[in-house]
Undergrad: 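Have a look at this one.
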Amino acid sequence: MTLPRLLPVAVALMGLACDPAANRVNRPNTPPPTPHQPNTDWELVWQDEFEGEAGTPPSPDRWVHDVGGHGWGNEQLEFNTNRTENAAHDGEGHLVLTARRERYGNRDYTSARIRTQGRYEPLYGRIEARIQLPVGRGIWPAFWMLGANIAAVDWPECGEIDIMEYRGQLPSILRGSLHGPGYSAGNNIGQEHVVSGKRLNEGFHIYAVEWEPDRIRWFLDDTMYFEATPAKLPAGARWVFDSPQFIILNVAVGGTFVGPVGRDTVFPQEMKVDYVRVYARPT
């Protein structure tokens with residue numbers, strides 16, 4: 001994402017505590033995981049494998065819903081709900097976030113946006129998710145992070161790490177970026193990555209960052225396509241990525257990054273998340 005979506009509700013963004021996730025169970029109809037493991041000097045410290053029964057919501061011990069039609073500072077069109085119509089397990093090892101065309105809360109679309117704020121807020125590590133993206137003009141899925149201190153220091157001072165965002169009308173291009181004081185919104189530090197062959201909506205891919213002191217690297221599957229360090233910031237800008245951040249998954253509809261919804265965009269649109277995992281360096 002690319003603008004201060006949390007400002008209208010920053011005070012409400014509070015949570016509780018996390019608990020460990022269950023071990024993954026592979027099912028015959030579940031697409032096999034991409035054969036990829038982080039470097040062996042990382043160890044798994046948190047995960048959600050989304051093994052809930054079909055139709056059940058994401059775990060409230062791990063995730064909090066953002067509810068409302070705030071536009072999130074980006075002129076987004078959807079009303080985000082906590083309904084299982086918009087965020088639910090499919091019973092095959094995925095969490096499905098679904099954008100729908102429907103009148104709800106004085107908006108013409110609904111979707112879901114969930115976060116780990118107050119449940120789990122890592123400082124450094126490899127943060128990855130295996131996702132199959134939706135497609136269509138005006139569809140804007142994202143996997144990203146915000147500084148846990150946002151209520152105290154506001155955005156963009158809290159820092160934002162966009163692990164993956166994507167325009168549904170450009171299904172072979174993803175973007176990774178950073179937002180902070182002096183390099184936010186349209187002036188963020190980031191890079192787009194173009195894939196060849198099948199489009200990103202046609203299968204599952206692993207989207208990840210490896211976040212360390214003074215360095216963040218972006219990956220699509222096994223390919224590193226961008227690296228940011230304090231030296232890459234604009235003159236006089238500060239690196240603010242040395243505090244905990246929480247994880248966010250959402251599917252926006254419309255907004256400044258993707259533009260209006262296309263007349264040919266088909267609804268519902270689904271973002272399927274196979275897992276979210278966090279790895280840390282052994283201590």
Side-chain angles (χ1 to χ4, degrees), residues 1-18 62-80 82 105 107 111-125 127 140-165 175-191 209 211-216 218 226 228-258 278:
M1 308 300 279
T2 57
L3 287 179
R5 295 153 305 279
L6 293 187
L7 296 185
V9 291
V11 175
L13 299 182
M14 306 301 293
L16 299 172
C18 71
R62 299 180 180 88
W63 302 97
V64 181
H65 286 267
D66 281 322
V67 176
H70 305 286
W72 306 108
N74 297 300
E75 302 176 17
Q76 293 167 215
L77 303 176
E78 82 282 356
F79 191 100
N80 291 298
N82 58 4
R107 296 267 171 159
S111 193
R113 169 173 158 148
I114 60 174
R115 51 186 161 83
T116 65
Q117 189 179 25
R119 273 61 170 166
Y120 183 67
E121 298 169 349
L123 172 60
Y124 307 133
I127 297 94
W140 181 5
F143 169 42
W144 52 296
M145 304 177 72
L146 275 172
N149 59 350
I150 186 171
V153 304
D154 220 330
W155 185 95
E157 183 74 23
C158 66
E160 173 180 332
I161 303 172
D162 293 330
I163 303 171
M164 176 281 300
E165 60 182 340
R175 181 174 180 83
S177 57
L178 289 183
H179 302 254
Y183 48 101
S184 62
N187 295 317
N188 65 77
I189 304 299
Q191 184 166 305
V209 292
W211 173 26
E212 300 179 274
D214 294 335
R215 184 177 73 170
I216 304 173
W218 278 256
F226 181 54
T229 66
K232 292 188 177 182
L233 299 184
R238 291 182 297 107
W239 182 263
V240 292
F241 303 98
D242 50 8
S243 298
Q245 297 217 347
F246 55 90
I247 300 165
I248 307 169
L249 292 164
N250 73 289
V251 180
V253 180
T256 52
F257 183 65
V258 293
V278 179

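Numbering of residues begins at 1 and proceeds along the displayed sequence. Any value given below was found using the heavy atoms of this structure, including those in side chains, with hydrogens, waters and symmetry copies removed.
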Undergrad: Regarding Arg238 and Glu157, does a basic nitrogen lie under 4.0 Å from an acidic carboxylate oxygen?
TA: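 So Arg238 pairs with Glu157 through a salt bridge.
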
Undergrad: For the residue pair Trp155 / Glu160, report whether a side-chain donor-acceptor contact shorter than 3.5 Å exists.
TA: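 Trp155 and Glu160 do have a side-chain donor-acceptor pair below 3.5 Å.
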
Undergrad: Just do the side chain to side chain contact (heavy atoms under 4.5 Å, CB included) check on Val64 and Thr116 with the steps written out, would you?
TA: CA-CA 6 Å; Val64 181; Thr116 65; over 6 Å; no

Undergrad: Could you check Ile161, Val278, Ile163 and say which one makes a side chain to side chain contact (heavy atoms under 4.5 Å, CB included) with Ile247?
TA: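 Exactly one candidate clears the test, Val278.
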
Undergrad: Work out which heavy atom in Pro234 is nearest to a heavy atom in Ile189; give both atom names and the distance.
TA: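 Nearest heavy atoms, Pro234 then Ile189: CD-CD1, 4.0 Å.
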
Undergrad: Just by modelled atom types, is the Val253 backbone N or O under 3.5 Å from a matching donor or acceptor in the Glu78 side chain?
TA: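 Yes, because the side chain of Glu78 sits within donor-acceptor range (under 3.5 Å) of the backbone of Val253.
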
Undergrad: State whether a side-chain donor-acceptor pair under 3.5 Å links Asp66 with Trp72.
TA: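 On atom types as modelled, these side chains do not qualify, holding no pair under 3.5 Å.
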
Undergrad: Closer than 4.0 angstrom, basic N to acidic O: yes or no for Arg175 and Asp162?
TA: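 Answer for the salt bridge query: no.
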
Undergrad: Test your reading of the model: is there a side-chain donor-acceptor pair from Ser177 to the backbone of Asn188, 3.5 Å cut-off?
TA: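 A pair under 3.5 Å: no.
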
Undergrad: Indicate yes or no: at least one non-hydrogen side-chain atom of Pro213 is less than 4.5 angstrom from one of Asp242.
TA: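 Pro213 vs Asp242: side chains apart.
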
Undergrad: Judged by modelled atom types alone, do Trp140 and Glu165 share a side-chain donor-acceptor pair under 3.5 Å?
TA: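 Side chains of Trp140 and Glu165: pair found under 3.5 Å.
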
Undergrad: Below 30° counts as parallel, above 60° as perpendicular, anything between as tilted: where do the rings of Trp211 and Tyr124 land?
TA: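 Ring orientation, 0 to 90° scale: perpendicular.
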
Undergrad: Evaluate the criterion side chain to side chain contact (heavy atoms under 4.5 Å, CB included) for residue pair Phe257 and Asn74; output intermediate values, then yes/no.
TA: CA-CA 8 Å; Phe257 183 65; Asn74 297 300; over 6 Å; no

Undergrad: For Arg107 and Gly69, work out which heavy atoms get closest and say how close.
TA: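 Closest approach of Arg107 to Gly69: NH2-O, 2.6 Å.
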
Undergrad: Do Val67 and Asn80 have side chains that approach each other closer than 4.5 Å (heavy atoms only, starting at C-beta)?
TA: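 A side-chain contact under 4.5 Å is absent here.
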
Undergrad: Could you walk me through whether Asn187 and His179 pass side chain to side chain contact (heavy atoms under 4.5 Å, CB included), step by step?
TA: CA-CA 8 Å; Asn187 295 317; His179 302 254; over 6 Å; no

